[in-house]
A.B. asks: 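Let me give you the structure first, and then I'll get to my questions.
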Amino acid sequence: METNVNTVDYAKKKDQEDHLAKYRDEFYIGDKIYLDGNSLGLLSKRAEHTLMNVFNAWKEFGIDGWMKGDHPWFYMSEQLGEKMAPLVGASPSEVIVTGSTTINIHQLVATFYKPTKTRYKILADDATFPSDIYALKSQIQMKGYEPAEALVRVKSNAGLLDEKDIIDQMSDDIALIFLPSVLYRSGQILNMEKVTKGAHKRGILIGFDLCHSIGAIPHSLDAWDVDFAVWCNYKHINGGPGAVAGLYVNQKHFGQEPGLAGWFSSRKDVQFDMSHDLEADVNAGAYEIGTPHVLSMAPLLGSLELFNEVGIENIRKKSLELTDYFIELIDLNLKQYDFSIASPLEKDKRGAHILLEHVHAASICKALKSHQIIPDFRAPNFIRLGPVALYNSFYDIWKTVDTLKNIMKTEEYKKFNNTRDIIA
Ligand SMILES: *Cc1c(COP(=O)(O)O)cnc(C)c1O
């Protein structure tokens, strides 16, 4: 007999059949149901191990840690770039682990945004993360233009963007396009290949922010011919709070002088000649700036081992099964309590998280947390639920929906006020 999808037995059966289930033990989860890996991924034992390894190299070698130990610091950004290349569909020399997302946006926009009298605008969207917009505005200002006029934002509709609207706004005065791969609220995946084709047809360079897709969905940046990309490594990549970020530059652009130069932009073999004339590297390393934050890179060595072992296709497959299951259970159990799903339902448009809308979203999130279930809240009335393929189970999903149902049925959420905490 088929087990009813709404029962805990069904969830347990799915967990038994799950080929990735064994990876859960690789993480420090505690007794929580953690659904916030899309904001800050959890610590894995492998990441802890490589962090301690690098930490001990400092203890043991002092300055010589730059060239000694299991992971010499001088080459760590390149080494990690190589490990990340399969996740973005690039060759190793096109990827470097450096900076932060926001710094890398500044770096690559400073490099690729070359406004002229007739082509001086940047095209973005109105649903993206604020830091991206702040960085674009300051880059526009630094080049002597007015953000109010030179920053064009494609309008979203109910948190979703339409690729056709984006392409329609690629006018002759657009010099550069910068868009998210997956929208941080709705979780919509943009069709990057289609948008890139549209941009190149009109002679416009295009870059993407992969913060919400890296480590969650496969990318083919080379095959799509994307010009550049940036991402953070503390969300789905589980690199730890403030983990060093990543960037991609298509090799057809190698040799472009970095917009923001520093001594780590240098060719590594001449860096210590200490010349005042920079000989920039001829790969993604050219877009490094200063000394890498070694201790904030070290966990990535272990974490990326997991990704390369499991493979991003398998991660995506399970992630879709988890969100499919979430959607199904929400439909069966929560519609009557006025929840609605604000994420795309189509698989090819759905990233790794589900956005739930409810007028009492803030109180409901607090009630969930009191039951050791960790979602995140996005103002004004959204609950973001991000199950992670490497450490969430089908039981986690079942338990979350069951708890939500009880919180609504007993009106327990009314015990919590419906306002946002400082960090949501
Ligand atoms: C998380 C996130 C950021 C954060 O940038 P940091 O420089 O790491 O603070 C920026 N943009 C997007 C789209 C994000 O999701």
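One-based numbering, in listed order, for ligands and for the atoms of each.
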A.B. asks: Could you verify whether a donor N or O on one side chain and an acceptor N or O on the other, from N38 and K235, lie under 3.5 Å apart?
C.D. replies: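 Not at all, the side chains of N38 and K235 share no donor-acceptor pair under 3.5 Å.
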A.B. asks: For the residue pair K366 and F416, would you count it as a cation-pi contact if the rule is NZ or CZ under 6.0 angstrom from the ring centre and within 45 degrees of the ring axis?
C.D. replies: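 Not satisfied by the 6.0 Å and 45° rule.
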A.B. asks: Which pairs with one or both residues in residues 139-151 pass side chain to side chain donor-acceptor pair (under 3.5 Å), sequence neighbours excluded?
C.D. replies: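 Counting only pairs at least two positions apart or across chains, the side chain to side chain donor-acceptor pair (under 3.5 Å) contacts touching residues 139-151 are H106-Q139, Y120-E149.
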A.B. asks: To the closest 0.5 Å, what do you measure between CD (E26) and CD (E309)?
C.D. replies: 7.0 Å
A.B. asks: Tell me, which pairs form a salt bridge (Lys or Arg N to Asp or Glu O under 4.0 Å) where one or both residues lie in residues 85-106, sequence neighbours left out?
C.D. replies: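 Every pair satisfying salt bridge (Lys or Arg N to Asp or Glu O under 4.0 Å) with a residue in residues 85-106: there are none.
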A.B. asks: List by chain and number: which residues place a heavy atom under 4.0 Å from ligand 1?
C.D. replies: S100, T101, T102, F129, D132, D209, C211, H212, Y234, K235
A.B. asks: Can you list every pair that meets side chain to side chain donor-acceptor pair (under 3.5 Å) and has a residue in residues 201-212, with sequence neighbours left out?
C.D. replies: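 Qualifying pairs, neighbours excluded: none.
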